[in-house]
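Shown next, in structure tokens, is the structure this report addresses.
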Amino acid sequence: MGRAPTIRDVAARAGVSKSLVSLVLRGSDQVRPEKRRAVEAAVRELGYRPNAAARSLSERRTRTVGVLLNDLRNPWFVDLLDGLNSRLHDSGMHMLLADGHLNRRLDEDLTGTFTELRVDGLVAVGTLPDPGALRTAAGRIPTVVAGTREPELPGVDVVAGDDEHGARLATEHLIGLGHRHIAHLAGQGAVGTLRRRAFETAMRAHGLAATAVVEQADLTEEGGYRAMVRLLGAARAPRPTAVFAVNDIACVGARSAAEELGLSVPRDLSLVGYDNTSLSRLRHLWLTTVDNGSRAVGRHAAQCLLDRLAEPDLPARLHLTTPALEIRGTTAPPSGGPGRP
């Protein structure tokens, strides 16, 4: 056959109607098994590929989801995207990705671009700089926020990790090892606030509020490095014996600063990160960290969007995944403390 096969060719080869072929291609359960097998065999033999544009016109859907990612450099978001894309793919949807960091530099409203492309839905990953644009988009198409707790918008589901529970796990792990002088490198935004609050609450619950130190950082390696330099360079006695960083990337920067200042991890200083990214599992880093369920957050966000596509008037929901502590090689009892070899 010199031309590309059409749905009519598939129907003729399978000995069924075009409408039945369409039902099979859409995954309908209203087709008898023998008819489905005949259509699937015809599709394979002819090498038929559905015309996406024609299908979009007939269904009034593009089967695409716009994903606006706040920070391409953060590996936690990459893992989240993996879970998001796998669930969307299972449902015959395709992901269009835009860089929110580039959006800020160019002062472009990429949510508007997505609506112009007539995507079926929108997923905002990470804290975005302009919640107003997201609010406008959410008024037009089904929208889900993933990996952060802000903004809270009418009719918009939020899927994230339980940051307070995870931060409490990290802090109580260090306290359980015998550390009493513990510092937290804090982040910004709702996630940073939740993790800091949980750290301070845990320290206070163990009677350690007076020895708890908070140093403001950000979610970058450079931010963690600079915060640790300030923390260890301050005229503070005694210095912290353990540090809980707001995420793995900041923890890597903190470790670099500590080692440049002559401290050995974990002999002189214990470190805990957050997110259990691929960085934390590198053998030369091997960070103790909190697994925030990145792929689970992504898959759940995709499912929320699929639910909202099916029922647009669903009330907004908050879904929190349960974190777990991953103990590796950057934490130990304080030097000279109980249990110290």
Side-chain angles (χ1 to χ4, degrees), residues 67-81 83-84 100-101 103-104 111 121-139 142-171 184-202 214 216-220 223 244-250 273-277 289-305 307-308 314-325:
V67 179
L68 187 55
L69 177 62
N70 179 50
D71 189 357
L72 281 170
R73 299 166 298 178
N74 190 328
W76 190 80
F77 290 137
V78 175
D79 291 339
L80 186 155
L81 289 177
L84 177 71
H101 190 69
N103 173 25
R104 291 196 295 276
T111 60
L122 177 67
V123 179
V125 179
T127 303
L128 300 177
D130 183 9
L134 191 63
R135 181 186 298 272
T136 300
T143 300
V144 172
V145 171
T148 186
R149 301 284 286 275
E150 56 189 341
E152 295 182 9
L153 299 173
V156 174
D157 295 322
V158 173
V159 185
D162 189 339
D163 295 291
E164 289 183 286
H165 180 58
R168 189 164 59 251
L169 289 176
T171 307
H184 175 51
L185 304 188
Q188 300 146 340
V191 167
T193 299
L194 289 168
R195 294 177 188 178
R196 171 177 178 165
R197 186 167 69 197
F199 164 76
E200 292 175 330
T201 300
V214 174
Q216 194 63 41
D218 58 29
L219 303 179
T220 68
F244 162 41
V246 66
N247 70 351
D248 288 346
I249 300 177
Y274 204 108
D275 291 337
N276 195 29
T277 60
T289 184
V290 176
D291 187 337
N292 210 17
S294 52
R295 286 179 176 81
V297 168
R299 288 189 65 85
H300 206 143
Q303 187 59 56
C304 284
L305 185 64
D307 292 345
R308 194 158 290 283
L314 284 172
R317 298 166 294 180
L318 171 63
H319 301 269
L320 299 180
T321 61
T322 302
L325 184 67

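Remember, predicted model here, so these are calculated numbers, not experimental data.
Qualifying ring-ring contact (aromatic ring centres under 6.0 Å, His included) partners for His319, counting only residues two or more places apart in sequence or in other chains: His300. Under the rule for a salt bridge (Lys or Arg N to Asp or Glu O under 4.0 Å), the partners of Arg295 that lie at least two apart in sequence or sit in another chain are Asp79, Asp82. Every residue two or more places apart in sequence or in another chain was checked for a salt bridge (Lys or Arg N to Asp or Glu O under 4.0 Å) with Asp162, and none qualifies. Partners of Thr201 by side chain to side chain contact (heavy atoms under 4.5 Å, CB included), not counting sequence neighbours, listed by chain and number: Arg197, Arg204. Applying the ring-ring contact (aromatic ring centres under 6.0 Å, His included) test to Tyr274 and every residue at least two apart in sequence or in another chain returns nothing. Shown here are the ring-ring contact (aromatic ring centres under 6.0 Å, His included) partners of Phe77, two or more places apart in sequence or in another chain: there are none.
Looking at heavy atoms from C-beta onward, Asn292 lies in side-chain contact with Trp76 at the 4.5 angstrom threshold. Side-chain contact check for Leu320 versus Arg149: some heavy-atom pair is nearer than 4.5 Å. The shortest distance between side-chain heavy atoms of Val246 and Leu185 does not fall below 4.5 Å.
Taking all atoms of both residues into account, the shortest heavy-atom contact from Gly293 to Thr321 is O-OG1, 4.4 Å. Across every non-hydrogen atom of Pro75 and Ile249, the tightest pair is CD-CD1, 3.5 Å. Of all heavy-atom pairs spanning Pro323 and Val290, the tightest one is CB-CG1, 3.6 Å. Ala186 and Gln216 make their closest contact through O-NE2, 3.3 Å (heavy atoms, listed as atom of the first residue, atom of the second, distance). Of all non-hydrogen atoms in Ala167 and Ala198, the two that sit nearest each other are CB-CB, 3.6 Å. Looking at every heavy atom in both residues, Ala146 comes nearest to Val123 through CB-CG1, 4.2 Å.
With hydrogens and angles ignored, the 3.5 Å screen pairs a side-chain donor or acceptor of Asp157 with a backbone N or O of Arg317. Looking at Arg195, its side chain never comes within 3.5 Å of a backbone N or O of His184 through a donor-acceptor pair. A donor-acceptor contact shorter than 3.5 Å links the side chain of Arg308 to the backbone of Pro315.
When each of Leu153, Leu134, Leu68 is checked for a side-chain contact (heavy atoms from CB on, under 4.5 Å) with Thr143, only Leu134 meets the rule. None of Leu84, Val159, Val67, Asp307 except one satisfies the side-chain contact (heavy atoms from CB on, under 4.5 Å) rule with Val144; the exception is Val159.
Note that OG1 of Thr171 is 10.0 Å distant from CG of Leu325, once rounded to the nearest 0.5 Å.
With no hydrogens or angles considered, no side-chain donor-acceptor pair links Thr277 and Asp275 at under 3.5 Å.
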Inset, instruction - Could you go through the salt bridge (charged side-chain N to carboxylate O under 4.0 Å, His left out) check for Arg168 and Glu164 one step at a time? - result: CA-CA 6 Å; Arg168 189 164 59 251; Glu164 289 183 286; over 6 Å; no
